[in-house]
Number of protein chains: 2
Amino acid sequence: MALKHIAESTVRRLSDYLRFLEELEAQGQQTVSSGELASLGGTTSAQVRKDLSFFGSFGKRGLGYTVTALSRSLRQILGLERTWKVAIIGGGKIGRALAQYHGFRERGFDVVAVYDIDPARIGVSLDGVVVRDQRDLDADLTTLAVDIVLLAVPAEAAQPLVDRVTSAGIRAILNFAPVPVQASSRVAIRSVNMALELEFLAYELVNRDA
Amino acid sequence: MALKHIAESTVRRLSDYLRFLEELEAQGQQTVSSGELASLGGTTSAQVRKDLSFFGSFGKRGLGYTVTALSRSLRQILGLERTWKVAIIGGGKIGRALAQYHGFRERGFDVVAVYDIDPARIGVSLDGVVVRDQRDLDADLTTLAVDIVLLAVPAEAAQPLVDRVTSAGIRAILNFAPVPVQASSRVAIRSVNMALELEFLAYELVNRDA
DNA sequence: CCTTGTGAATCGTTTCACAGCC
DNA sequence: GGCTGTGAAACGATTCACAAGG
């Protein structure tokens, strides 16, 4: 299963579906239809069924999907049956906010270390994680068995750090620096660029129904 | 110009191009080719030319684009020739980090107000912006002439606030709550969901070259 | 010769529509 | 009757390839 390449948009929607399923589970709902999942996520029932069909067939015709079973299947597909170790590079405002963000741990992402180069920031404790010296980074990535690196550093520091952590074997990076970064196709990179999101909204404000 | 609907991906790339152009401008470079812009942004020269072609023809054959002229054109297309007033709802960790994030002001987005419902947070000053009582929100949105609202509140508070601010006339929202929110098609909404980005990376770690 | 601008071709995703099953 | 699963159709975005201009 999952032999072909799956579209990024599909994977993101699966995450959304999982969130809804967990809510429905908490409410004790037994089954759910593709139409119901669709309206929660702002998509269509056909889209939901197609998304799931890439990975198998999980529903019962005439009935829908069993909430708990589908929920478990999605967690397995998304690789959420284990916890993942996350290191944050950059102990500035964004790095600190990320380190203290509870939503990560809730979903199985454990922040195991935060790094900075500024001595004033090293040693500070953030929700139980102490900021470490960035010189220890390369060794730590291996000894701590870090899976995912979050980059919360200035623009000019981003690409060199991508190169550095990928050399150390990291294969997944979430970049918050306001600059596109590149790595080998073996490495998964996502960028979150908040200023760019605002620029998109500015564009929409100027051009929507114009 | 810009009559047809332009793909979101195109608009986002235009923001990237603009960033590169500003760098090149700072370095004093006079002209730039589509290929050069492409390699900076990790795309192709044909993509760059196609993106620009939706809005006009900005280059000279055999020569490329004049850095300053294209830069100005893109700023105009993206609606960045004016500043935009931004209000942040939620004075928790994320709201505070956003309020103090310098990257917004640098790109013409002025944080004019931060709101919270917790009396312990109200009155606190964040980089010159004082956290206000959320009860004042509706009136303030009009009197302060807010253009864009940033939502940095818990999941369950997000949709009600979307409804509330859109009723007050807001037409652009950047949502940081970890839940999809919906509004009329007159309103532009973007969501930044960091846990979802991590889940995508987890999926990639499990499935890439599998 | 170099590089743009763009129709045409390709590729990928979403939507449609219906057969199959509960 | 209701709802899934899925080929086929429609749609949309990217890439190709080349004519035209500097």
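Throughout, a chain's letter reflects where its sequence line sits, starting with A, and its residues are numbered from 1. The figures here come from the full heavy-atom set of this structure, side chains too, leaving out hydrogens, waters and symmetry mates. These figures come from a predicted structure and were not determined experimentally.
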**Study point:** 5′-ward residue of the pair T10(A)/L63(A) relative to DNA chain C
**Key:** T10(A)
Point to revise | Rounded interatomic separation in angstrom, taking CD from Q30(A) and P from dC22(C) | key: 20 Å
Exercise for review: Could you check how far NZ of K4(A) sits from P of dT6(D), rounded to whole Å?
Suggested key: 11 Å
Review point. How about T68(A) and R72(A): does a side-chain donor come under 3.5 Å of a side-chain acceptor?
Key: no
**Study point:** F54(A) CZ - dT4(D) P separation (whole Å)
**Key:** 16 Å
**Study point:** Which nucleotide in dT13(C), dT15(C), dT4(C) has an atom nearest any side-chain atom of K50(A)
**Key:** dT15(C)
Review point. Within this structure, what is the CZ-to-P distance between R12(B) and dA13(D), rounded to whole angstrom?
Key: 14 Å
Point to revise | Side-chain N,O (Y65(B)) to OP1/OP2 (dG5(C)) below 4.0 Å | key: yes
Practice item. Considering just the side-chain nitrogens and oxygens of S57(A), establish if one lies under 4.0 Å of OP1 or OP2 belonging to dT4(D). Key: no
Point to revise | S53(B) vs dG5(C): side-chain N/O to OP1/OP2 distance below 4.0 Å | key: no
Review point. Nearest 0.5 Å, what's the CZ-CG distance between R12(A) and L14(A)?
Key: 11.5 Å
Exercise for review: Find the distance between CG (L198(B)) and CG (L98(A)) and round it off to the nearest 0.5 Å.
Suggested key: 9.0 Å
Revision key, fill the gap. In whole angstroms, the gap separating C1' of dC2(C) from CZ of R49(B) amounts to 11 Å
Review point. Should the pair R13(B)-D51(B) be classified as a salt bridge under the 4.0 Å nitrogen-to-oxygen rule?
Key: yes
Review point. Is any side-chain N or O of Q47(B) closer than 4.0 Å to OP1 or OP2 of dT15(D)?
Key: yes
Check your understanding: Just checking S9(B): base, sugar-phosphate only, or nothing, at a heavy-atom cut-off of under 4.0 Å?
Key -> sugar-phosphate
Review point. Starting at NE2 of H5(B) and ending at P of dC11(D), how long is that distance when rounded to a whole Å?
Key: 16 Å
Review point. With no hydrogens and no angle check, do the side chains of E36(A) and Q29(A) hold a donor and an acceptor under 3.5 Å apart?
Key: yes
Check your understanding: What is the distance from CZ of R13(A) to P of dT13(C), rounded to the nearest Å?
Key -> 10 Å
Review point. Are R61(B) and dA19(D) close enough that a side-chain N or O sits under 4.0 Å from OP1 or OP2?
Key: no
Exercise for review: Starting at atom CG of L52(A), determine the distance to atom P of dT14(C), rounded to an integer number of angstrom.
Suggested key: 13 Å
Review point. T44(A) near the nucleic acid: base, sugar-phosphate alone, or nothing, with a heavy-atom cut-off under 4.0 Å?
Key: sugar-phosphate
**Study point:** 5'-most by nearest nucleotide on DNA chain C - K60(A) or D51(A)
**Key:** D51(A)
